Each structure stands twice: as C-alpha cells, then as structure tokens.
Amino acid sequence: MDIIEQNIIRVKERIAAAAKRAGTPVDEISLVAVSKTVPIEKVQRALECGISIFGENYIQEGTLKAEQFQDRAAWHFIGHLQKNKVKFAVEYFDMIQSLDSVDLALKINDVCERFNRNIDVLLQIHYGVEETKHGFNPEEVFGAADKIRNCSRLRLKGLMTIPPLENDAESNRKFFADMRSVGEKIFGNDDHILSMGMTSDFEIAIEEGSNMVRIGTAIFGSRNNIIGNR
C-alpha cells in the first residue's frame, strides 16, 4: 500500500467520522481531490484508488489532465476563471465551482451556446476582508442566483466557499454555518451542493452541512510555495 492509497483511506475514514457526528449519510458527501501542481502519475494513482472527481485551479494544467483522464473521472474547475479562458473551461470541465460574478456567468452562457453545451455551476461566496479574494458577498448572492437561473445553459447546483485562512480551523465554523443558511434560503428543500471544507477544516465543514469537500494536501502531500494551498 503506497502513501496515496493510505492517505485516501485515512481521508475517507475522517469524512465518515465527521458525517456520523453530523448525522449525515456518508454516501451523500462527495470527495474532490485537488490535483493542482500534482504530477500525472499521482493523479493516475488516485484514480486507481477510487477517486472519481478532481479539482483544478489552473486552466492550462487542468485541461491537459482532463483531456488525458476525461473518460475516467469528473473534472471541476475551482480556481478564479478569467473570461478569456472560459472556452477551455466549458470544453474540458464538468463543473465550474468558482462562478464569482454575473458578468462571468453571462460569458459562460454565451460560450455554452456556441458549443451547444450545458454546464453545472456553483456560486462562490466570499467571506472575510481580503480584497484579493473572488466571489459574491453573502448579501448579494440572492440576486445573483436569480440572474444566473435565467442563463439557459447554466445549471445552478449550489454554493462554494474558501473561508479566510486561519491558524485555528474552528474559527471557520461560523462561515460554514452561514453558508448552509444561505443555501437553504436560495434552494429551499431542493437538493443542492455545499462545497466547503479543505484539508485543514473539512471535518468542521461536514459538521456544519458540507456535502462536498475539496482535499489536496491530505491526499497528495504538501506542495511548497503554493499560496493558499490547503
């Protein structure tokens, strides 16, 4: 048993324990393996160990991996999407988790029209005070959701967030709880995705209602000098 297999088993055990504490069936929680900067060989090994969804932050890198493994896994774009890269996101990815503006939604919808394709999207909510972070403020996401539902090619599936990077993961609990509340107001009783929780805080996120976690370091190991890697 190699280190990636061991890591995946351990992550799944931790997900199951957190789901039990939350009273959530573990099979309702999706695991996205964040494979940014990860060599193809490690992605291949994760596939062999049962990982079926991968998340990528960079279009150029992500499209190369998605092209190679597209028939064997789902590919989610989770980084900031520039408008001039939308064509590649639409062509190679199954979901865009990081939809952070109405203008971007309109651009994606236009490109989908040209490709005769529909795509799943999540609205990214921004918590904290960092001006460099992307996403909707919690107060403005309701109006944005209404506008995006009018985009005929976009299927609004839920919400995503990257909370502020804190030394104490417990401090993110309030953000996860708020996003669960926002999701309930937008989607009501309809099934929806809450993509929240990374290596440092995914157990807390699950306890607060996450049903999709994005795990990089705990599966593939640390990647030095990658800003914001969790």
Side-chain angles (χ1 to χ4, degrees), residues 2-5 7-9 11-12 15 27-100 104-105 107-124 148 151-160 162 191-195 197-199 202 211-221 223 226 229-230:
D2 61 24
I3 188 64
I4 288 181
E5 185 177 5
N7 288 347
I8 290 170
I9 290 171
V11 165
K12 288 183 175 180
I15 288 173
D27 59 3
E28 293 182 4
I29 299 174
S30 299
L31 170 59
V32 178
V34 178
S35 49
K36 68 178 181 182
T37 76
V38 172
I40 288 289
E41 295 77 16
K42 288 189 174 183
V43 174
Q44 172 76 34
R45 184 64 188 127
L47 273 167
E48 294 168 352
C49 294
I51 295 295
S52 60
I53 310 174
F54 291 86
E56 284 286 334
N57 291 65
Y58 311 117
I59 284 291
Q60 185 173 4
E61 177 188 358
T63 54
L64 290 173
K65 292 175 183 173
E67 188 172 34
Q68 182 163 346
F69 298 114
Q70 202 159 32
D71 294 336
R72 299 179 58 189
W75 291 85
H76 292 192
F77 190 74
I78 60 175
H80 175 58
L81 180 58
Q82 297 174 322
K83 290 181 182 178
N84 63 347
K85 302 291 179 63
V86 166
K87 171 183 178 293
F88 302 102
V90 167
E91 186 174 1
Y92 288 96
F93 289 86
D94 302 281
M95 175 181 284
I96 297 171
Q97 292 204 19
S98 49
L99 182 53
D100 58 13
L104 179 60
K107 175 66 174 179
I108 297 170
N109 196 68
D110 287 344
V111 172
C112 284
E113 285 283 0
R114 280 192 272 135
F115 278 82
N116 191 28
R117 150 138 219 229
N118 299 322
I119 193 163
D120 295 339
V121 298
L122 305 182
L123 299 186
Q124 181 175 347
I148 289 163
C151 294
S152 61
R153 293 289 183 171
L154 306 188
R155 296 185 295 234
L156 180 57
K157 294 294 186 178
L159 308 174
M160 182 270 264
I162 305 171
D191 289 340
H192 56 280
I193 293 170
L194 294 178
S195 176
M198 294 181 276
T199 289
F202 71 88
N211 54 16
M212 180 175 282
V213 293
R214 309 181 306 276
I215 310 297
T217 300
I219 292 176
F220 296 112
R223 287 155 287 184
I226 300 298
N229 173 49
R230 287 193 261 174

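Small disclaimer: the values here were computed from a predicted structure and weren't measured. Values reported hereafter were calculated over all heavy atoms of this structure, with side chains retained and with hydrogens, waters and symmetry mates removed.
Asn109 is linked by a side chain to side chain donor-acceptor pair (under 3.5 Å) to nothing, counting only residues two or more places apart in sequence or in another chain. Contacts of Arg155 classified as salt bridge (Lys or Arg N to Asp or Glu O under 4.0 Å), with partners at least two apart in sequence or in another chain: Asp120. Remark: Glu67 engages no residue in a salt bridge (Lys or Arg N to Asp or Glu O under 4.0 Å) (not counting sequence neighbours). With sequence neighbours left out, the salt bridge (Lys or Arg N to Asp or Glu O under 4.0 Å) criterion links Lys87 to Glu91. Asp100 meets the salt bridge (Lys or Arg N to Asp or Glu O under 4.0 Å) test with no other residue; sequence neighbours excluded.
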Stepwise side-chain contact (heavy atoms from CB on, under 4.5 Å) test for Leu99 and Leu122: CA-CA 6 Å; Leu99 182 53; Leu122 305 182; over 6 Å; no
Would you sort out whether Val86 and Ile96 count as a side-chain contact (heavy atoms from CB on, under 4.5 Å), showing the intermediate values? CA-CA 10 Å; Val86 166; Ile96 297 171; 5.9 Å; no
Checking side-chain contact (heavy atoms from CB on, under 4.5 Å) for the pair Ser98/Met160: CA distance, chi angles, key distance, verdict? CA-CA 7 Å; Ser98 49; Met160 182 270 264; 3.9 Å; yes
Yes or no on side-chain contact (heavy atoms from CB on, under 4.5 Å) for Val213 and Val11, after CA distance, side-chain angles and deciding distance? CA-CA 11 Å; Val213 293; Val11 165; over 6 Å; no
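Separation of atoms CD1 (Ile108) and CZ (Phe115) is listed at 13.0 Å; rounding is to 0.5 Å. Distance check: Cys151 SG to Asn118 CG gives 11.5 Å after rounding to the nearest 0.5 Å. Atom CD1 of Ile59 sits about 4.0 Å away from atom CZ of Phe77, to the nearest 0.5 Å. Taken from CG in Leu194 to CD1 in Ile29, the straight-line distance is 11.0 Å, to the nearest 0.5 Å. Here the CG atom belonging to Asp94 is positioned 6.5 Å from the CD atom belonging to Gln70, to the nearest 0.5 angstrom. One distance of note links NE2 of His80 with CG of Asn57; it measures 12.0 Å at 0.5 Å rounding.
For Val43 against Ser35, the heavy-atom pair with the smallest separation is CG2-CB, 4.0 Å. Closest heavy-atom contact between Ile119 and Val90: CD1-CA, 4.1 Å. Shortest non-hydrogen contact noted between Val32 and Gly55 is CG1-N, 3.5 Å. For the pair Ile40 and Lys65, the tightest heavy-atom approach, listed with the atom from each and the gap, is CD1-CG, 3.6 Å. Across all their heavy atoms, Ile215 and Phe202 have their closest contact at CD1-CD2, 3.4 Å. Across every non-hydrogen atom of Cys49 and Glu5, the tightest pair is SG-CB, 3.7 Å.
Residue-environment remark: CZ (Phe88) stays at or below the threshold of 12 foreign heavy atoms within 6.0 Å. Within a 6.0 Å radius of CG in Asp2, more than 12 heavy atoms belonging to other residues, nucleotides or ligands are found.
In this structure, the side chains of Met198 and Ile162 come closer than 4.5 Å at one or more pairs of heavy atoms.
A distance-only check finds no donor-acceptor pair linking the side chain of Glu56 to the backbone of Thr63 [under 3.5 Å]. Side chain of Lys157 to backbone of Met95: no donor-acceptor contact under 3.5 angstrom is found. Put simply, the side chain of Lys42 never gets that close to the backbone of Ile219: no donor and acceptor are under 3.5 Å apart.
By the 30° and 60° cut-offs, the orientation of the rings of Phe54 relative to Trp75 is parallel.
Among Gln124, Arg214, His76, the single residue meeting the side chain to side chain donor-acceptor pair (under 3.5 Å) criterion with Ser195 is Arg214.
Within the structure, salt bridge (Lys or Arg N to Asp or Glu O under 4.0 Å) contacts touching residues 71-83 (residues at least two apart or in different chains) do not occur.
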